[in-house]
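Numbered from 1 within each chain, the chains take letters A, B, ... in sequence-line order. Here the structure is a predicted model, which is why all the values come from computation and not from measurement. Values below: every heavy atom of this structure, side chains too, minus hydrogens, waters and symmetry copies.
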Number of protein chains: 2
Amino acid sequence: MPPRRGQQLVQSLERGLAALEMALDGNVRPSHVAEALGIDRSTAYRLLYTLMAKGYLLQDERTREFTSNPAKFFQLYGKVATLLDWSDVAGDFLTRLRDQSGETANLGVRQANNVIYIAHKPGQAALSVNFALGTSRPLHCSALGKALLAAQPDAVTAEWVASAALTSYTAKTITEPSRLKRHLERVRVEGYAVDDEETFAGVRCIAAPLHDHRAQVIAALGISGPTTRITHERLPHFAQNVMQVAAQLSAELGAPGAEP
Amino acid sequence: MPPRRGQQLVQSLERGLAALEMALDGNVRPSHVAEALGIDRSTAYRLLYTLMAKGYLLQDERTREFTSNPAKFFQLYGKVATLLDWSDVAGDFLTRLRDQSGETANLGVRQANNVIYIAHKPGQAALSVNFALGTSRPLHCSALGKALLAAQPDAVTAEWVASAALTSYTAKTITEPSRLKRHLERVRVEGYAVDDEETFAGVRCIAAPLHDHRAQVIAALGISGPTTRITHERLPHFAQNVMQVAAQLSAELGAPGAEP
DNA sequence: CCTCGTGTTGCGTAATTCGCACATGCAGCG
DNA sequence: CGCTGCATGTGCGAATTACGCAACACGAGG
């Protein structure tokens with residue numbers, strides 16, 4: 001018997017959700033899930049079967065593989081419709097930012113240790129940064145993520161920085177906790193965050209936080225583009241642009257103190 | 001111990017998913033879930049807590065209520081990106097259908113006993129049918145649903161009609177299995193389905209099935225509008241329009257036999 | 001202050017789940 | 001063609017796990 005932790009999680013549910021997420025990353029079979037989770041094949045099978053019975057998965061009649069059921073997830077997603085509304089509200093501002101900067105504009109929220117991109121307007125230049133909605137990126141090396149991190153109270157940020165796994169993606173990724181902490185302090189002072197090729201070589205991003213009617217930071221807005229266009233010289237200009245649109249969107253969301 | 005059914009489902013996972021879906025329909029508290037599922041409060045709490053630990057739910061610090069975590073569901077949804085692509089492909093056809101008919105065009109797939117609307121183009125008239133993406137409607141009283149039902153093999157349809165709960169929504173909803181069966185046979189012959197105020201009074205819909213490269217019916221396409229514009233006289237004309245665009249979209253999807 | 005309702009946690013029980021073992025089916029190969 | 005290897009799917013018994021009971025903490029309301 002494993003030692004009881006502070007809070008006991010329901011094991012079957014935990015494993016079932018893990019199996020579900022595996023199926024979302026690609027078709028799975030009981031043997032795969034069993035190996036990945038360190039459980040018996042039969043157990044994995046019963047979890048998958050239950051997920052299928054509840055509509056989350058489908059099973060291919062021929063190959064016997066379990067697949068995620070897109071319709072089910074679309075339905076679930078439709079129920080958290082607030083985000084859809086978000087896209088509608090933010091759409092005009094993203095377009096404005098995209099047109100003013102000429103680069104891909106995007107908007108993301110925090111989910112655990114990641115930023116999730118929930119709305120975007122891809123740039124129209126031949127060479128533009130592009131990725132699918134719903135993509136997640138680490139907080140510590142994305143502009144949106146750093147803008148969100150910097151908005152937290154000092155103590156929270158300090159604790160997070162100390163305990164987080166600062167995975168390196170490029171030579172420029174900040175992996176030292178102390179350096180990241182100082183970096184975030186500067187982000188807060190300046191009002192915007194920069195990802196200077198810390199996630200992808202050749203890609204620079206700029207982001208600023210968005211405030212709601214309670215002045216709470218709930219999301220971040222930014223642009224991403226190739227280093228050839230977002231140069232160090234033009235960076236301050238882009239940053240002003242991002243902050244300006246972020247303030248406008250915040251005002252639209254009812255943030256106090258923002259320009260009308 | 002309850003008698004074992006043909007296939008045993010994992011109870012904890014089943015209950016956990018039920019709790020999750022409750023949370024998607026609005027904030028929940030352990031006592032609510034416990035009562036709805038007929039389980040103890042403590043059990044409901046542990047399920048909710050596990051869902052929270054895995055990122056599916058959030059708990060309000062003040063009210064202690066559990067809320068769905070939109071970011072998580074957006075992330076999950078982003079992974080089943082095939083549907084997003086679908087919207088892209090279907091977008092032009094939906095627009096064409098909307099512009100030709102002047103009514104709201106929509107596209108849906110089957111999910112259990114419902115149709116899920118996964119793409120649409122709302123009509124531009126002052127009075128137009130409109131609903132959010134991800135909405136679900138019963139198969140037996142929606143045009144899209146009947147188009148999907150009629151495409152199945154006879155035996156499957158017969159069994160479904162006999163066992164399904166044909167809930168009535170308006171006076172015109174078809175609730176007799178035998179009548180629905182005949183109705184669906186006619187749908188198959190005609191090539192299109194009509195929802196003649198069977199779901200909402202004053203709303204008429206027309207839909208036709210979409211075929212993929214294997215000639216399998218995978219979705220349905222249609223229009224919805226007020227009975228004042230979609231009159232019985234003009235209905236055949238609208239039906240031709242729907243079938244034509246459906247055939248074009250099917251061809252785009254690689255369906256054999258459809259016009260290029 | 002008392003009561004009621006609810007969130008949260010400890011604990012013992014027993015129901016539920018888990019893993020083993022096996023039947024079955026399929027694909028590759030000698 | 002039959003043998004082997006591998007995977008899915010299903011009884012079944014053991015015991016781990018999840019469940020319900022009970023109790024505590026806390027806040028609201030009377």
If I take atom [atom1] in residue [X] and atom [atom2] in nucleotide [N], what distance separates them, rounded to the nearest angstrom?
{"X": "A/E14", "N": "D/dA18", "atom1": "CD", "atom2": "P", "value": "9 Å"}
{"X": "B/Q11", "N": "D/dC19", "atom1": "CD", "atom2": "C1'", "value": "9 Å"}
{"X": "A/Y49", "N": "D/dT8", "atom1": "OH", "atom2": "C1'", "value": "13 Å"}
{"X": "A/E35", "N": "C/dG19", "atom1": "CD", "atom2": "P", "value": "14 Å"}
{"X": "A/E65", "N": "D/dG9", "atom1": "CD", "atom2": "P", "value": "11 Å"}
{"X": "A/L47", "N": "D/dT8", "atom1": "CG", "atom2": "P", "value": "14 Å"}
{"X": "A/L37", "N": "C/dC18", "atom1": "CG", "atom2": "P", "value": "11 Å"}
{"X": "B/L9", "N": "D/dT10", "atom1": "CG", "atom2": "P", "value": "12 Å"}

D/dA18 phosphate, OP1 or OP2: any side-chain N/O from B/S12 under 4.0 angstrom?
->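 B/S12 to D/dA18 OP1/OP2: no side-chain N or O under 4.0 Å.
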Establish, with yes or no, whether the OP1 or OP2 oxygen of D/dG20 is under 4.0 angstrom from a side-chain nitrogen or oxygen of B/T43.
->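 True: B/T43 side-chain N/O within range (under 4.0 Å) of D/dG20 OP1/OP2.
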Side-chain donor or acceptor of A/S250 paired with backbone N/O of A/L210 under 3.5 Å =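 Absent.
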Side-chain donor/acceptor of B/S68 to backbone N/O of B/P70, under 3.5 Å |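 Judged by distance alone, no pair lies under 3.5 Å.
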All side chain to side chain contact (heavy atoms under 4.5 Å, CB included) counterparts of [X], not counting sequence neighbours:
{"X": "B/A143", "result": "B/D195, B/C205, B/A207"}
{"X": "B/H32", "result": "B/R29"}
{"X": "B/R64", "result": "B/Q59, B/E61"}
{"X": "A/D154", "result": "A/R188"}

Looking at residues at least two apart in the chain, or sitting in another chain, which of them share a side chain to side chain donor-acceptor pair (under 3.5 Å) with B/Q11?
->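 Side chain to side chain donor-acceptor pair (under 3.5 Å) list for B/Q11, sorted by chain: empty.
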Would you please name every residue forming a side chain to side chain donor-acceptor pair (under 3.5 Å) with A/H211, sequence neighbours left out?
->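 Side chain to side chain donor-acceptor pair (under 3.5 Å) list for A/H211, sorted by chain: empty.
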Proximity to the side chain of A/R46 - top-ranked nucleotide from C/dT17, C/dG10, C/dC20 =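 When the side chain of A/R46 is considered, C/dC20 is the closest of C/dT17, C/dG10, C/dC20.
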A/Y56: what forms a ring-ring contact (aromatic ring centres under 6.0 Å, His included) with it, not counting sequence neighbours?
->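 Partners of A/Y56 by the ring-ring contact (aromatic ring centres under 6.0 Å, His included) criterion come out as none, since no residue qualifies.
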On DNA chain D, nearest-nucleotide positions of A/D40 versus A/R15: which is more 5'?
-> A/D40
Is the ring centre of A/Y77 less than 6.0 Å from the ring centre of B/F74?
->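 Yes, they do, as the ring centres are separated by less than 6.0 Å.
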Which of residues 16-25 of chain B have a heavy atom under 4.0 Å from DNA chain D?
->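 DNA chain D contact set from residues 16-25 of chain B: none.
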Is there any protein nitrogen or oxygen under 3.5 Å from a nitrogen or oxygen in nucleotides 4-7 of chain C, and what are the pairs?
residue: C/dG7; atom: OP2; partner: B/S31; partner atom: N; Å: 3.2
residue: C/dG7; atom: OP2; partner: B/S31; partner atom: OG; Å: 3.2

Enumerate all atom pairs, one protein N or O and one N or O from nucleotides 28-30 of chain D, separated by less than 3.5 Å.
none

Return all side-chain donor-acceptor pairs below 3.5 angstrom for residues 156-163 of chain B, not counting sequence neighbours, or 'none' if the list is empty.
residue: B/T157; atom: OG1; partner: B/L149; partner atom: O; Å: 3.4
residue: B/T157; atom: OG1; partner: B/P153; partner atom: O; Å: 3.1
residue: B/W160; atom: NE1; partner: B/N113; partner atom: OD1; Å: 2.8
residue: B/S163; atom: OG; partner: B/E159; partner atom: O; Å: 3.0
residue: B/S163; atom: OG; partner: B/W160; partner atom: O; Å: 3.4

Side-chain donor-acceptor pairs under 3.5 Å in residues 132-139 of chain A, sequence neighbours left out?
residue: A/T135; atom: OG1; partner: A/A132; partner atom: O; Å: 2.4
residue: A/S136; atom: OG; partner: B/Q75; partner atom: NE2; Å: 3.4

